[in-house]
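Atom set for the values below is all heavy atoms of this structure, side chains included, hydrogens, waters and symmetry mates excluded. Computed from a predicted structure; not experimentally measured. Chain identifiers are assigned alphabetically (A, B, ...) following the order of the sequence lines, protein sequences preceding nucleic acid strands; residue numbering begins at 1 within each chain.
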Amino acid sequence: MRILSSDTSNYPGKTVQVVGWLHKKRLLGGLTFINIRDRKGLVQVVLHDKTEVEKLRGLQIGTVLSVNGKVVKEPRAPGGVELHDAKLKILVPVEVEPPIEIDKPLGHKPENLDTLFEYRPIGLRNIQESTIFKIQSVITKALRDYFAEQDFTEIHTPKLLAAATEGGAEVFKIDYFGKEATLAQSPQFYKQIMVGVFERVYEIAPVYRAEPSATTRHMTEYTSVDAEMAFIDISELQEFLSDLLNYVTDYLWKSNGADLKLIKATKPKITKKIPAITMAEIHERYSQATGENTIGERDLRPDEERWICDYTGQKLGSEAVFVTDWPAEDMKFYHKAQADHPKLADRIDLLFRGVEIVTGSMREHEYSLVLKQLKQKAGGDPEDPGFKPLLMAMQAGMPPHGGFGMGLERLTEKLLGLHNVKEATLFPRDINRLAP
RNA sequence: GGGCUCGUAGUGAAGAGGCCUAUCACGCCUCCCUGUCACGGAGGAGAUCGCCGGUUCAAAUCCGGUCGGGCCCGCCA
């Protein structure tokens with residue numbers, strides 16, 4: 001019966017079978033070490049028998065094999081345990097030399113990222129590389145746990161749409177049996193519709209953006225963590241996001257400390273209540289500190305986003321910060337303006353380690369106002385199949401509600417201290433990469 | 001879409017008019033090696049220097065074009 005690499009230490013003195021991939025061989029003459037990789041990690045096998053070593057001649061890293069050997073406690077072995085007197089059985093021989101080496105950390109220098117992605121199917125077998133995605137899986141688990149605790153219902157909305165929805169961002173158009181369809185750039189309207197059903201909903205799913213952006217934080221396809229909830233206000237939304245980021249971070253460092261250490265991730269400083277600063281104040285402080293004048297600008301420059309996170313990290317002990325008081329003139333039609341300051345939107349962005357990871361806002365829930373804003377801001381037609389379902393729900397009674405969208409890859413990237421979203425993406429898609 | 005940059009064995013790098021018949025490291029192949037864990041040692045194979053054209057007695061190196069990357073900005077998660 002097969003034993004997992006992580007389990008071998010539970011069978012001292014016993015002969016066990018381990019199956020997996022040949023990850024590394026070191027031939028020292030009369031003694032050969034090989035590492036076997038399975039889903040739990042690596043286990044070292046010591047070979048003395050020349051005929052066993054010969055079985056590996058000409059076989060490359062990646063060869064699939066089973067090993068029967070005696071478990072021996074050995075302080076010199078990585079993990080304190082190794083297999084002795086092993087008999088090898090080659091299950092799938094690999095004879096073609098792999099194009100990249102996976103037994104040591106892969107290069108993540110910007111200019112070499114292309115190679116990293118070109119050989120992803122193999123490179124992902126590297127332990128540091130797979131650890132990134134093992135952790136991403138834990139992040140989504142932590143998110144789901146948190147949403148479940150807060151009484152959210154997970155939903156799945158269509159990605160194939162009849163028409164563009166949000167407006168603004170470019171959408172992908174595709175041929176749909178001779179008609180034109182688009183790829184969802186956000187589940188925005190569907191999650192709002194579902195607020196009328198469940199009050200609290202979330203979705204973790206891909207979204208598509210046809211923006212020709214070529215930066216370290218953009219992709220044409222990414223995973224959006226979208227949530228929407230009824231009967232809240234903007235400060236409660238802020239509190240919710242504070243708790244969520246803290247929950248995920250604490251969960252991660254508690255459950256995967258060794259993995260995080262392996263990839264040299266340092267736990268971010270995040271205060272229980274994430275500080276909030278108005279955009280105007282950030283402009284002022286940034287302008288004062290750098291000599292650049294951004295006062296009056298309607299958005300934050302990327303450099304300001306980096307600067308303010310450094311600033312709050314040092315002065316306020318939080319590498320995450322909310323940006324509040326966005327100008328209402330740039331609102332989307334479904335957004336809500338602040339009740340006492342109609343020139344400002346009821347919107348918050350969450351910046352984390354220099355990058356915007358969340359945009360959240362209160363939505364306009366009064367049917368007549370949404371209708372008015374749709375015409376004014378988006379020049380939208382209420383009969384358009386892109387808008388009609390949302391309006392139908394609004395007319396049927398929608399409570400005050402708000403929500404947010406968070407980039408899963410950006411969150412992963414920043415939690416792990418990576419420098420490009422694509423490093424936190426299994427098979428990244430950008431303006432010039434559609435494969436692998 | 002705009003600006004700036006970079007393309008040299010499978011991978012990562014050095015070479016910046018003649019010293020290049022292109023150097024090094026890792027990987028690969030052969031041999032040696034009984035505690036490796038980026039094992040070590042000896043030897044070997046592997047590159048028409050992204051592509052096209054130009055300048056020059058001479059181009060990996062200079063110029064133009066082209067193709068492919070990267071970074072920044074705009075936009076956003």
Checking N1-N3 plus N6-O4 or O6-N4 for Watson-Crick, or N1-O2 and O6-N3 for wobble, each under 3.5 Å, the partner of B:C4 is B:G70

Using a 4.0 Å heavy-atom cut-off across all strands, classify A:R433 as base, sugar-phosphate, or nothing.
-> nothing

Searching all strands shown, indicate the nucleotide that pairs with B:G43 (Watson-Crick or G-U wobble; both distances under 3.5 Å).
-> B:C29

When all nucleic acid strands are considered with a 4.0 Å heavy-atom cut-off, which category describes A:V225: base, sugar-phosphate, or nothing?
-> nothing

Name all pairs fulfilling the side-chain hydrogen bond (donor to acceptor under 3.5 Å, both in side chains) condition that reach into residues 49-61 of chain A, sequence neighbours left out, sorted by first residue then second.
-> A:D49-A:T51, A:E52-A:K55, A:E54-A:R57

Who are the ring-ring contact (aromatic ring centres under 6.0 Å, His included) partners of A:Y286, not counting sequence neighbours?
-> A:W307

Mind calculating the distance between NZ (A:K422) and C1' (B:G70) to the nearest angstrom?
-> 9 Å

Name every residue in residues 264-281 of chain A that has at least one heavy atom under 4.0 Å from any atom of RNA chain B, in order of residue number, or write none if there are no such residues.
-> none

Could you tell me whether A:N432 contacts a base, only the sugar-phosphate backbone, or nothing, with contacts defined as non-hydrogen atoms closer than 4.0 Å?
-> sugar-phosphate

A correct 5'-to-3' footprint of nucleotides 10-16 of chain B, with B, S and - meaning base, sugar-phosphate only and no protein heavy atom under 4.0 Å, is BSSS---

Could you list the residues that satisfy salt bridge (charged side-chain N to carboxylate O under 4.0 Å, His left out) with A:R144, not counting sequence neighbours?
-> A:E154

For A:E118, all residues meeting salt bridge (charged side-chain N to carboxylate O under 4.0 Å, His left out), sequence neighbours excluded = A:R433

Using side chain to side chain contact (heavy atoms under 4.5 Å, CB included) as the criterion, list what pairs up with A:A142, not counting sequence neighbours.
-> A:Y247, A:V248, A:Y251

Inter- and intrachain pairs under ring-ring contact (aromatic ring centres under 6.0 Å, His included), touching residues 198-229 of chain A, at least two apart = A:F147-A:Y202

Could you list the residues that satisfy side chain to side chain contact (heavy atoms under 4.5 Å, CB included) with A:K375, not counting sequence neighbours?
-> A:L371, A:P382

Gap between atoms CG and P, on A:N420 and B:G69 respectively (whole Å) = 15 Å

Using a heavy-atom cut-off of under 4.0 Å over every strand shown, decide if A:S224 touches base, sugar-phosphate, or nothing.
-> nothing

How does protein reach along nucleotides 36-51 of chain B, written 5' to 3' as B (base within reach of a heavy atom under 4.0 Å), S (only sugar-phosphate), or - (no contact)?
-> BB-B------------

For A:W21, ring-ring contact (aromatic ring centres under 6.0 Å, His included) partners two or more places apart | none

Report which part of the nucleic acid A:D226 touches: base, sugar-phosphate, or nothing (heavy-atom distance under 4.0 Å, all strands).
-> nothing

Pairs in or reaching into residues 25-42 of chain A: which pass side-chain hydrogen bond (donor to acceptor under 3.5 Å, both in side chains), with residues at least two apart or in two chains?
-> A:S5-A:D38

Rounded to whole angstrom units, what separation is found between the CD atom of A:Q136 and the C1' atom of B:A77?
-> 13 Å

